[in-house]
Amino acid sequence: MTQTTTRDAGVLETLREVVDQASAGRVFGEPITTADGMIVLPVARVGGGGGGGGGTGPAQDGRENSGAGGGFSISAKPLGVFVIRDRGVSWRPAVDVNKIILGGQMVAVTALLVARAVIRARATRRR
C-alpha cells in the first residue's frame, strides 16, 4: 500500500501545475498584429521529462530506512514564426547563429586536419 505524505502531495501538485503549463499555448505564442493587418504567430518546440525515486530496505546499524529522489525538466526552443497576410500564410524559420558558428568551426577543423595529413603524406613521399 502506498502512502502519500503532506510533502509528497506538494511535490505532486507542483508537477501537475508544470504539466498543465506545457500546453499548445506554450508552443504557439500570442499572435502579434501589425499596422497593415499582418499577423505574426511565434512557434516554439516545448519538451520535458521527469523521473522519480524512492527507497526502503533493511536498516543497518540502527539507522532508519530512507530514500527519495526526483527531478523534472522542461525546455523551449524557438522554431520560427508564421506570417499571416491577406495573400496567405508563410513560414519564417528562426536562425540559430550558434549552430551556424559551430558548424563553421567543425568544417574548419576538419579542413585543417585533412590539409595536415596531405602535407605529411607528400613530405613522406619526397624522402
Side-chain angles (χ1 to χ4, degrees):
M1 182 168 121
T2 304
Q3 294 180 350
T4 304
T5 64
T6 306
R7 183 181 62 183
D8 294 337
V11 170
L12 291 174
E13 185 60 33
T14 302
L15 285 175
R16 282 189 191 106
E17 288 176 15
V18 169
V19 170
D20 289 342
Q21 293 297 319
S23 64
R26 298 290 179 220
V27 174
F28 294 97
E30 292 295 320
I32 302 164
T33 305
T34 63
D36 60 352
M38 178 175 61
I39 298 172
V40 178
L41 183 62
V43 180
R45 177 184 301 145
V46 178
T56 57
Q60 298 177 3
D61 302 325
R63 297 181 185 164
E64 292 184 24
N65 295 340
S66 64
F72 190 82
S73 172
I74 190 164
S75 66
K77 177 185 174 191
L79 296 179
V81 295
F82 283 109
V83 178
I84 305 168
R85 295 184 180 153
D86 294 335
R87 294 174 273 160
V89 178
S90 63
W91 170 252
R92 303 281 172 94
V95 176
D96 190 351
V97 177
N98 291 331
K99 281 189 178 180
I100 294 170
I101 292 171
L102 181 62
Q105 290 173 341
M106 298 285 285
V107 168
V109 168
T110 303
L112 289 172
L113 291 173
V114 169
R116 182 181 75 169
V118 169
I119 291 170
R120 283 188 178 178
R122 286 185 179 178
T124 305
R125 278 192 226 154
R126 289 184 184 169
R127 291 183 190 173

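Each residue takes its place number in the sequence, starting with 1.
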So which atom in Val83 and which in Met38 form the shortest heavy-atom distance, rounded to 0.1 Å? CG1-SD, 3.3 Å
Establish whether Ile39 and Leu79 are linked, either directly or via other cluster members, by ILVMFWY side-chain heavy-atom contacts under 4.5 Å. yes
In chain order, what residues pass the side-chain hydrogen bond (donor to acceptor under 3.5 Å, both in side chains) check against Asp86, with sequence neighbours excluded? none
Distance-minimising heavy-atom pair for Pro31 and Leu41: CG-CD1, 3.9 Å
Minimal non-hydrogen separation, Val43 against Trp91, with atom names: CG2-CZ3, 3.8 Å
Acceptor/donor pairs from residues 92-119 side chains to any protein atom, 3.5 angstrom cut, sequence neighbours excluded:
from: Asp96; atom 1: OD1; to: Asn98; atom 2: N; distance (Å): 3.3
from: Thr110; atom 1: OG1; to: Met106; atom 2: O; distance (Å): 2.8

